[in-house]
Amino acid sequence: MRIILHIDMDAFFASIEERENAGLKGRPIVVGADPKGGRGRGVVSTASYAARKFGIRSALPISQAWKLCPSPQCAYLPVDGKLYGIVSERVMKIIEQYAEAELPSRRKLSFPALIEQTSIDEAYIEVMNQESGIMNHERVWDEAVLLARTIKKTILKQERLTCSVGIGPNKLIAKIASDFKKPDGLTVVRLEKVREFLDPMAVRKLPGIGPKTEAQLAKRGIITVRDLWLASDPESDLGRLACGVDASSVKEEYAIKSLGHETTFEHDVRDHALLTKTILALVEEVFEEVKAGHFAFRTITVRVRFDNFETHTSTRTLSEFCKDDTILKREVLRLIFPYFHKKRLIRLIGVRVSNFKERR
Ligand SMILES: [Mg+2]
């Protein structure tokens with residue numbers, strides 16, 4: 001028996017911008033690439049809930065977002081990674097403070113909690129696991145709900161931001177539950193209610209099912225999770241997903257799996273100096289976040305997309321964990337230079353580090 005919480009900040013980047021600027025309150029806000037009056041390239045990073053009413057979503061091309069809701073009706077803002085990183089650290093500290101220490105009125109959690117931060121604005125907390133024995137489950141479910149309420153209240157009070165929390169018997173259900181009543185939601189799905197909770201849901205709501213799989217399933221008449229459950233082998237990946245089964249554990253180490261930045265050029269580029277300058281600026285942004293998170297990394301990946309959308313990645317794993325930006329710069333240049341010599345126009349470049357050593 002396990003009890004896991006998934007905490008997910010609501011429209012994180014857009015909500016921070018809204019908080020920082022009174023004039024943006026309640027307005028459609030898009031954080032992402034420069035829209036250039038509708039001719040911009042690159043994508044939406046985060047859209048506020050007011051912007052989502054126009055159909056604007058994360059990863060939508062910024063030019064399409066502009067068509068749906070142009071400026072000045074919608075505020076278009078660049079990604080302020082440094083600010084979001086600082087806010088993220090403060091939010092994660094609040095989560096740690098309650099999950100590791102105590103609940104209000106000095107009530108302690110029955111079991112020490114495990115925390116896994118999975119992105120800049122998401123974390124899992126495991127408040128009870130199989131090894132905890134079969135003590136009073138009811139009490140631990142109550143504690144989980146109290147913990148969720150306390151964290152939500154504190155984040156709202158201290159950071160003026162809302163989050164949504166899902167509580168379930170595993171990470172998969174907790175994640176689906178946190179997305180269920182966004183924004184400012186709290187959804188509890190106990191083991192015996194999993195079937196009832198998943199059945200009417202569109203298959204797309206299951207993590208890992210993208211538009212392609214959704215379309216393939218729809219051709220077979222599979223629309224809801226119940227359809228998928230009835231149609232699939234319970235031992236297959238899809239079958240397990242449809243059953244809401246997930247045995248993966250909450251790991252405190254490798255909290256964030258990777259950190260990266262990429263940029264889409266205004267005009268396709270083949271100028272060696274400009275490409276080098278751009279990739280080094282991206283390396284610096286990534287390194288700022290690595291430093292802020294007290295990480296050491298081993299794997300470095302570069303990504304290059306040519307003007308015809310052909311995309312390449314090159315990866316190098318170092319023999320030791322690294323915290324040094326000179327090594328990072330050297331390795332990134334080594335990985336990316338072969339692409340700069342191809343005399344081809346480049347549309348996008350990016351860099352990512354991963355394979356982290358635990359925090360601090
Ligand atoms: Mg979020």
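Order of appearance sets the numbers: ligands from 1, and atoms from 1 within every ligand.
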- Query: Any side-chain donor paired with an acceptor under 3.5 Å for D10 and T162?
  - Reply: yes

- R90 atom CZ: more than 12 heavy-atom contacts under 6.0 Å: yes

- Task: Please find out if the Mg ion (ligand 1) and some N, O or S atom of T46 are separated by less than 2.8 Å.
- Result: no

- Query: If only atom types and distance count, is the side chain of N21 paired as donor or acceptor with the main-chain N or O of E18 below 3.5 Å?
  - Reply: no

- Message: Just checking: D121, one of its N/O/S atoms, less than 2.8 Å away from the Mg ion (ligand 1), yes or no?
- Response: yes

- Message: Counting only heavy atoms not in K205 (residues, nucleotides, ligands), do more than 12 fall under 6.0 Å from its NZ?
- Response: no

- Heteroatom test (N, O or S) for D8 near the Mg ion (ligand 1), limit 2.8 Å: yes

